[in-house]
Amino acid sequence: MALIELSGIRKHYPAGEQDVEVLHGIDLSIEAGEFMAIMGSSGSGKSTLMHLLGCLDQPSGGEYRFAGRLVTEMDHEQLAWLRREMFGFVFQSYHLVGTASAWENVALPAIYAGMPREERKQRAQRLLGELGLGERLEHLPNQLSGGQQQRVSIARALMNGGKVILADEPTGALDSVSGEAVMEQLRELARQGHTVIVITHDAEVAAHADRVVEIHDGRVIDDRRHRPLHEDSSRVVAEPPAQSSLPDAAEVGEAVVMALRSLRANWLRTLLTLLGIVIGVGAVVVMLAIGEGAKQDVVARINDQGTNLLVIRPDRGQQRVADGVIATLVPEDAEALKQLPNVRTAVPEISGSVTARANGQDASTNVQAVTPDFTSLRDWRPAQGIFFGEQDQKAYAPVAVIGQTVKEKLFADGDPLGQFVMLDSIPFQVIGVMSAQGATNWGEDQDDVVFVPLSTGTLRLFGQNYLRSITLAVDDVAYIDDTEQAAVELLTQRHGQKDVRVFNMASLLDMVSQTQNTLTVLLGSIAAISLLVGGIGVMNIMLVSVTERIHEIGIRMATGARQRNILQQFLTEAVVVSALGGIIGVTVGVLVGGLLIWLGMAIVFSVPVMVAAFLCATLIGLLFGFAPALKAARLNPVEALSND
Ligand code: ADP
Ligand code: MG
């Protein structure tokens, strides 16, 4: 059985409306260990035939058997296996990868055969040494002469064994001395047992071979043997793997190394591609940190007011008006509410505007008549002096505690303690000055206030004891809703009807944080869109990269890369770019956020957001890199190779 058996092989190419047939039924049988030449004039179909022999292209008709196996029925994976394990190519224009050194070019086929890196390097260096290039291992192809490049490509053909060496015009681009040397090397390979098929238009070159097959216009017109076949030529067994193997860690690692190299080769472009992802990821990180910061800021302000508070006010709809006030809540209600479970304290309050006078100064201010518990309820205490106590409350003492604003207005140049302030012409003695509290969220000055005991206030200032509010502080916020309900029930029972409304600080907090969450989602989606745009940038650049490297893809396929390897390589590049962009983006986001914190903005970083943004970027690389990678993997090896 012959190693290679062609019968009736046809090849036609589409040309305009109809096809043009280039090979018109080639019958050829090649034994293992043969050193043969296929000779013919330019355009006779030699290269086309070689591409079919080397499984770089598929015939339009006829049968091709390799070691007894029907090649015409093999799938992509098996064809790649044949190219990788059985064939070695030597081309007229060398077809070396321009960005890889001599030894790396030689080692290329072994990557796809799964040989470990060190072993690969050693074997490549040994092969180059045997071909007299031991000194040129690290040279790039453009640093080598034509003859040297051709020897590199011969070494590459031998890397995985190269049972069949297919050489298409190997001397075509060389001077006669280098050409002789190359032919001598091919003869030597044949002597060692390789099957060597040289394609040439030159009868002198063909004369080196033991057998010359001449083709003309796509037909074999002559087949002569000058020397007998080696007796010792061994039988070739070709057993392609039945199933495609899965990529292993080493293969993925190799793809990452290759990806980093090609990204480095185009570092400016890589940088610009990265920029899209960096901005997207950075924006997500910063925007969400700003949103979360704003939310926590507002929540903290509300918390300052006390989320454990329930404020009970008369219901405006249930008016029982006495002297212009809603006559509903009375101080005894507060005493009753204090008895409810979970109620720590209940502070009744009446307030109103008064004219305060002291030291010959007038100021309109707000007076609040409260019980002594007020200070613990609001966690707000005097800065000077004391707050009034139960004694003052019981004794209807005419004492007052003033806020900082009132102090400034009336006692600008003296100590107010012990002095008298006239509230609507009634004298009160100042016993304390509250600490500064600042403005509320809605801009009200909380320090423009005078506190007096509830008893004194109802008797002397307001002339009635209907309350403006009762504020409850609960012990456990978890049960605040139950306490609210109990308070309403109690008051309804006491008043004979439901005539109060309760303001729950906790539910206000819920509402506000929901609003802020919406804001955060909004900011986040704007950022996510920019991430998406970054992803489209990756796709764009990968498409350019594939187009630019079609020739390299062709070389990789000729040396045995599977479709999967090519797909994996470009996907890896896309993912590496995106992941790199993700890491830089998170870093930039943190730096920008740090700057904003330094500028006094409320920023709250979230590690899950950072991780998610990074993963998102990587995923986007995978998604948007897929189409370009698939495009590369589906290229036809011959067409890719001819794309110089
Ligand atoms: P040789 O190598 O003997 O010089 P080729 O095999 O390269 O010849 O080409 C044989 C014929 O096939 C030529 O006429 C060429 O124009 C044609 N041919 C080769 N490749 C293609 C192709 N991809 N599409 C169309 N025609 C092609
Ligand atoms: Mg040719």
Side-chain angles (χ1 to χ4, degrees), residues 4 6-28 30 36-62 64 71-72 76 79 83 87-96 146 149-150 153-154 157 164-174 178-179 182-183 186 196-209 211-224 547 550-555 557-558 631-632 634-644:
I4 287 173
L6 300 184
S7 59
I9 289 291
R10 300 176 175 278
K11 179 70 184 176
H12 39 76
Y13 291 111
E17 289 288 284
Q18 78 235 45
D19 288 0
V20 166
E21 193 165 84
V22 177
L23 298 178
H24 312 286
I26 301 274
D27 297 314
L28 192 61
I30 302 169
M36 70 174 289
I38 296 176
M39 199 181 81
S41 56
S42 179
S44 55
K46 306 182 298 293
S47 295
T48 305
L49 181 59
M50 187 199 96
H51 294 148
L52 295 179
L53 283 173
C55 304
L56 291 170
D57 207 352
Q58 275 160 313
S60 316
Y64 173 12
V71 173
T72 28
H76 284 291
L79 292 174
R83 291 198 293 270
F87 294 106
F89 297 94
V90 178
F91 298 97
Q92 177 173 356
S93 51
Y94 328 125
H95 287 333
L96 300 175
Q149 288 189 61
Q150 197 59 300
S153 82
I154 291 174
V164 182
I165 306 288
L166 289 166
D168 189 355
E169 306 274 10
T171 62
L174 303 177
S178 315
V182 164
M183 285 313 291
L186 290 176
V196 179
I197 304 170
V198 177
I199 282 162
T200 182
H201 65 279
D202 187 343
E204 254 183 71
V205 173
H208 285 84
R211 175 185 171 195
V212 178
V213 172
E214 202 175 336
I215 68 170
H216 182 74
D217 232 354
R219 286 191 178 84
V220 176
I221 56 166
D222 194 19
D223 187 349
R224 272 167 295 149
T547 309
I550 288 180
H551 183 231
E552 181 195 318
I553 295 166
I555 295 173
M557 286 177 159
K631 182 185 164 191
R634 294 231 173 117
L635 286 172
N636 170 308
V638 176
E639 280 169 25
L641 267 180
S642 63
N643 190 300
D644 242 325

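Model, not experiment: these values are computed from the prediction. As the structure lists them, so they are numbered: ligands from 1, and atoms in each ligand from 1. Note that the numbering runs from 1 along the sequence shown for the chain.
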Lys/Arg-Asp/Glu bridge criterion (N-O < 4.0 Å) met for R211, D223: yes
Pairwise side-chain contact, H208 with V198, heavy-atom cut-off 4.5 Å (strictly under): no
Side-chain heavy atoms of K46 within contact of L49, under 4.5 Å: no
Metal site the Mg ion (ligand 2), protein N/O/S atoms found under 2.8 Å: 1
Is a side-chain donor or acceptor of [X] paired with a backbone partner of [Y] at a separation under 3.5 angstrom?
| X | Y | answer |
| --- | --- | --- |
| Q150 | F91 | yes |
| R10 | E21 | no |
| D222 | V213 | no |

Partners passing side-chain contact (heavy atoms from CB on, under 4.5 Å) against T547 (at least two apart in sequence or in another chain): K631
For ligand 1, find each of its N or O atoms that sits under 3.5 Å from a protein N or O atom, and tabulate the pairs with distances to one decimal place.
from, atom 1, to, atom 2, distance (Å)
ligand 1, 2 (O), S47, N, 2.9
ligand 1, 2 (O), S47, OG, 2.7
ligand 1, 3 (O), S44, N, 3.3
ligand 1, 3 (O), G45, N, 3.0
ligand 1, 3 (O), K46, N, 2.9
ligand 1, 3 (O), K46, NZ, 3.0
ligand 1, 4 (O), G43, N, 2.8
ligand 1, 6 (O), S47, N, 3.4
ligand 1, 6 (O), T48, N, 2.9
ligand 1, 6 (O), T48, OG1, 2.5
ligand 1, 8 (O), G45, N, 3.4

Of I197, V164, I165, the residue whose pairing with F87 passes side-chain contact (heavy atoms from CB on, under 4.5 Å): V164
Set of residues satisfying salt bridge (charged side-chain N to carboxylate O under 4.0 Å, His left out) with respect to D57, sequence neighbours excluded: K11
